[in-house]
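Below, all heavy atoms of this structure are taken into account, side chains as well, without hydrogens, waters or symmetry copies. Please read these numbers as outputs of a predicted model, since none were measured by experiment. Position 1 is the first residue of the sequence, and the numbers go up from there.
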Amino acid sequence: MNAYLKLIVFDFRLYLRDWLTIFWVLIYPILMLLIFGSMFGNEAGKLAGTRYIDFYVPALCVLNVIFVSVFTLNINMITQRENGILTNTQKNSPSSSV
């Protein structure tokens, strides 16, 4: 378990070094919420009299998870493979006993 924790911490540190990823994952969704929340925040929509922001927040959360999983994680894996990081973690990872 200790080796898996080290791998998780290692990957998290690599993830935090990429400022472009941090922008698109953390800052951009907050900016979109602020922009669209200020534009459509208290206006009632045509669907059952609810506000637009009530539909926009869950949609933005789902889209953010999709974009991160499809684009960011794959690009990071390719970069790690090209830099030889994946071969180092594969050699140092614990063998599976399953």
Side-chain angles (χ1 to χ4, degrees):
M1 185 65 179
N2 192 19
Y4 287 118
L5 184 62
K6 287 181 183 179
L7 286 174
I8 290 170
V9 170
F10 178 74
D11 284 335
F12 186 69
R13 286 182 183 169
L14 284 176
Y15 191 74
L16 289 179
R17 289 182 186 174
D18 189 9
W19 289 103
L20 190 61
T21 301
I22 291 174
F23 172 77
W24 288 107
V25 171
L26 297 176
I27 299 171
Y28 183 74
I30 294 171
L31 287 174
M32 290 294 106
L33 281 176
L34 290 175
I35 291 169
F36 287 110
S38 64
M39 288 183 349
F40 303 116
N42 291 326
E43 291 182 21
K46 294 181 181 178
L47 184 64
T50 58
R51 299 178 302 165
Y52 287 115
I53 198 73
D54 293 335
F55 291 104
Y56 187 70
V57 171
L60 184 66
C61 292
V62 169
L63 284 174
N64 194 24
V65 168
I66 291 170
F67 287 145
V68 167
S69 63
V70 170
F71 296 112
T72 307
L73 296 178
N74 295 332
I75 292 171
N76 286 341
M77 291 291 285
I78 292 169
T79 306
Q80 289 176 4
R81 185 181 65 191
E82 289 176 352
N83 292 336
I85 296 171
L86 288 181
T87 57
N88 293 337
T89 56
Q90 187 177 14
K91 290 176 187 174
N92 297 331
S93 66
S95 60
S96 62
S97 60
V98 178

Margin query: Show the nearest heavy-atom pair for residues Tyr56 and Leu33, with the distance to one decimal.
Written below: CD2-CD2, 4.0 Å

Next item on the list: Using side-chain contact (heavy atoms from CB on, under 4.5 Å) as the criterion, list what pairs up with Ile22, not counting sequence neighbours.
Entry: Leu16, Trp19, Leu26

Notebook entry, point to check: Side-chain heavy atoms under 4.5 angstrom apart, residues restricted to Ile, Leu, Val, Met, Phe, Trp, Tyr: same cluster for Ile27 and Ile35?
Noted result: yes

Note to self: Once ring-ring contact (aromatic ring centres under 6.0 Å, His included) is applied, do any residues pair with Phe23, and if so which ones, sequence neighbours excluded?
What the structure shows: none

Item checked: Path from Met32 to Trp24 over hydrophobic side-chain contacts below 4.5 Å -> yes

Notebook entry, point to check: Shortest non-hydrogen contact from Pro29 to Leu60?
Noted result: O-CD2, 3.3 Å

Check: For the hydrophobic clusters of this structure (ILVMFWY residues joined by side-chain heavy atoms under 4.5 Å, transitively), does one cluster hold both Leu34 and Leu63?
Finding: no

Check: Does Leu31 share a hydrophobic cluster with Val57, counting links as ILVMFWY side-chain heavy atoms below 4.5 Å and allowing steps through other members?
Finding: yes

Notebook entry, point to check: How would you list, by chain and number, every residue that makes a side-chain contact (heavy atoms from CB on, under 4.5 Å) with Ile66, sequence neighbours excluded?
Noted result: Val62, Val70

